[in-house]
Number of protein chains: 2
Amino acid sequence: MKKVLIADDEQDILDILQFNLEAEGYIVETASNGVVAIEKAKTFLPDLIILDVMMPGKTGIEVCGILRMLPAFKTTLIIFLTAMSDDTAEVRGLEIGADDYLKKPIRPKVLLSKVNALFRRVTKEMDNNINLGDLTINRENFSVRFKNEEINLARKEFELLSLLASKPSKVFLRNEILNQIWGTDVIVGDRTIDVHIRKIRQKLDLDCIKTVKGVGYKFEL
Amino acid sequence: MKKVLIADDEQDILDILQFNLEAEGYIVETASNGVVAIEKAKTFLPDLIILDVMMPGKTGIEVCGILRMLPAFKTTLIIFLTAMSDDTAEVRGLEIGADDYLKKPIRPKVLLSKVNALFRRVTKEMDNNINLGDLTINRENFSVRFKNEEINLARKEFELLSLLASKPSKVFLRNEILNQIWGTDVIVGDRTIDVHIRKIRQKLDLDCIKTVKGVGYKFEL
DNA sequence: AATTGCATTAACAATTTGATAATACCTTTA
DNA sequence: TAAAGGTATTATCAAATTGTTAATGCAATT
């Protein structure tokens with residue numbers, strides 16, 4: 001469950017944001033100015049911070065700059081809230097290390113879609129590589145290493161291994177595999193999967209892809 | 001977390017600066033004269049040194065001169081504190097290698113904005129060029145050096161290399177590359193990327209751009 | 001006006017990949 | 001044990017993808 005810290009000097013805005021985010025299942029804390037925001041951030045350790053740019057005392061941009069200097073907030077998501085149509089603020093914010101920005105007046109729908117999108121992006125990135133024993137699959141690098149040896153797989157081979165390894169021990173039906181990798185509208189022959197499986201087995205000379213006769217394949221070390 | 005050393009002979013000033021900087025999240029040490037400042041600098045290794053110009057014993061300018069001769073302080077940020085309205089000190093300070101100066105009386109806000117700005121500048125510069133083995137890419141100068149040889153890349157070539165090198169090992173999909181470098185609304189032919197890649201490979205005769213067939217390209221040493 | 005350099009495209013070569021068919025193999029079952 | 005149903009293997013060919021070179025058009029520079 002994700003934590004969100006909101007900093008704004010207008011109580012109305014805090015209320016609107018808090019209500020909508022909590023309805024979506026987020027845990028929300030609020031701060032009414034920049035200094036409080038920094039303090040709360042340190043204890044609350046949110047996954048996302050929404051910062052109003054214009055606040056008395058410290059501006060959101062300043063708060064962002066300060067937080068970004070702390071190692072604990074290097075990767076924390078930050079969204080700026082700005083009333084300015086001025087692009088300068090926007091650019092400066094992103095330069096300083098904001099992940100997105102929102103223009104006032106706030107549309108709850110837009111807010112939620114941005115927030116959700118950011119979290120999706122992050123979890124996706126985190127989910128991006130698989131580590132099983134001596135085998136490492138990195139979806140970002142399209143690389144497979146086995147005992148520190150780089151193994152070169154073709155695209156389909158990589159996708160296939162990647163799919164099977166994404167849920168070790170789960171048996172993937174042939175149909176499931178076809179849908180995931182070839183898509184629903186492509187039709188390929190029966191032996192196609194076998195051939196790819198064979199190539200993978202050949203390249204990794206590790207017996208990790210098991211055949212479940214009459215059913216499908218599964219990955220197991 | 002950044003470290004700041006303050007040297008001034010007036011305790012009041014030390015207190016004010018320390019309080020404000022610590023509130024901002026900096027780690028602060030103080031010194032009440034030039035000699036102590038030099039000693040503490042050597043052990044504390046601050047990222048920033050704030051030096052009062054007028055101190056008994058050694059002036060801030062002298063301290064700065066001494067420190068700048070030591071390799072450990074070649075790139076340390078230095079700010080002068082001066083009560084003089086006289087421009088001469090200011091100029092001399094910058095000549096000797098100060099990064100900024102502050103006039104007394106000190107306004108905490110001004111101080112903090114200057115300090116933050118300096119650190120921003122530095123981190124930005126660090127972010128701005130890429131250093132990988134014998135290869136250096138400087139986004140500010142649009143220059144690429146390989147083994148200290150300046151390599152002349154055209155704009156698109158530079159942007160492409162720069163993009164790929166910004167995340168070594170990450171595979172950039174052709175689409176991703178098009179969006180990043182050409183933008184979403186420009187349509188270019190299929191071979192455009194390849195041709196640029198080829199030119200880069202030719203100019204750097206280093207085999208660092210790898211093709212991942214059916215996927216994209218990645219930078220790897 | 002001529003030159004230079006760059007971005008793009010076109011055309012073709014080279015390479016890699018994917019799919020299939022044919023055949024061999026294995027396991028289960030009648 | 002033979003037949004049936006499924007999978008493995010291999011070679012082969014088609015398709016997709018990328019590499020390479022030269023040519024074109026354009027803009028800045030001389």
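Per chain, numbering begins at 1; letters A, B, ... match sequence-line order. This structure is a prediction, so every number in the text was calculated from the model and none was measured.
- In this structure, A:Glu159 pairs ionically with A:Arg155, as a charged nitrogen and a carboxylate oxygen lie closer than 4.0 Å.
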Using atom names, set out every protein N or O paired with an N or O of nucleotides 7-12 of chain C below 3.5 Å, distance rounded to 0.1 Å.
from	atom 1	to	atom 2	distance (Å)
C:dA7	OP1	B:Arg155	N	3.4
C:dA7	OP1	B:Lys156	N	2.9
C:dT8	OP1	B:Trp182	NE1	2.9
C:dT8	OP2	B:Trp182	NE1	2.9
C:dT8	OP2	B:His196	NE2	3.4
C:dT9	OP2	B:Gly189	N	2.5
C:dT9	OP2	B:Thr192	OG1	3.1

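- A salt bridge links A:Glu176 to A:Lys170: at least one charged side-chain nitrogen sits closer than 4.0 Å to a carboxylate oxygen.
- Evaluated for a side-chain contact (heavy atoms from CB on, under 4.5 Å) with B:Asp134, the options B:Lys147, B:Arg145, B:Glu149 yield exactly one hit, B:Lys147.
- A:Ile130 approaches A:Ala165 most closely through the heavy-atom pair CG2-O, 3.9 Å.
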What protein N or O atoms touch nucleotides 27-30 of chain D N or O atoms at under 3.5 angstrom, if any, and at what distances?
none

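- A:Phe73 and A:Arg68 get closest at one heavy-atom pair: O-NH1, 2.7 Å.
- At a cut-off of 3.5 Å, with distance as the only test, a side-chain donor of A:Asn116 or A:Tyr26 sits close to an acceptor on the other residue.
- Residues B:Leu102 and B:Leu111 meet the side-chain proximity criterion, which asks for heavy atoms closer than 4.5 Å.
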- From CA spacing to verdict: salt bridge (Lys or Arg N to Asp or Glu O under 4.0 Å), B:Asp194, B:Arg174: CA-CA 10 Å; B:Asp194 310 45; B:Arg174 295 176 92 88; 2.3 Å; yes
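- Atom CD1 of A:Ile200 and atom P of D:dT9 are 13 Å apart (whole Å).
- Contact check on B:Asp100 versus B:Lys114 returns a salt bridge, with a Lys/Arg side-chain nitrogen under 4.0 Å from an Asp/Glu carboxylate oxygen.
- Pairs passing the ring pair (Phe, Tyr, Trp, His ring centres under 6.0 Å) check and including a residue from residues 156-189 of chain B, sequence neighbours excluded, read B:Phe142-B:Phe158, B:Trp182-B:His196.
- Listed by residue number, the members of residues 209-220 of chain B with any heavy atom below 4.0 angstrom from DNA chain C are B:Lys213.
- Nearest approach of B:Asp99 to B:Thr76, heavy atoms of both residues: OD2-O, 3.6 Å.
- Under the salt bridge (charged side-chain N to carboxylate O under 4.0 Å, His left out) criterion, A:Lys218 pairs with A:Glu220, sequence neighbours left out.
- By the 4.0 Å N-to-carboxylate-O rule, A:Glu29 lies too far from A:Lys3 to be salt-bridged with it.
- Computed from coordinates, the A:Asp194 CG to C:dT23 C1' distance equals 14 Å when rounded to whole Å.
- Between B:Gln202 atom CD and D:dT20 atom P there is a gap of 8 Å when expressed in whole angstrom units.
- Using a 4.0 Å cut-off on heavy atoms, none of the residues of residues 161-173 of chain A approach DNA chain D.
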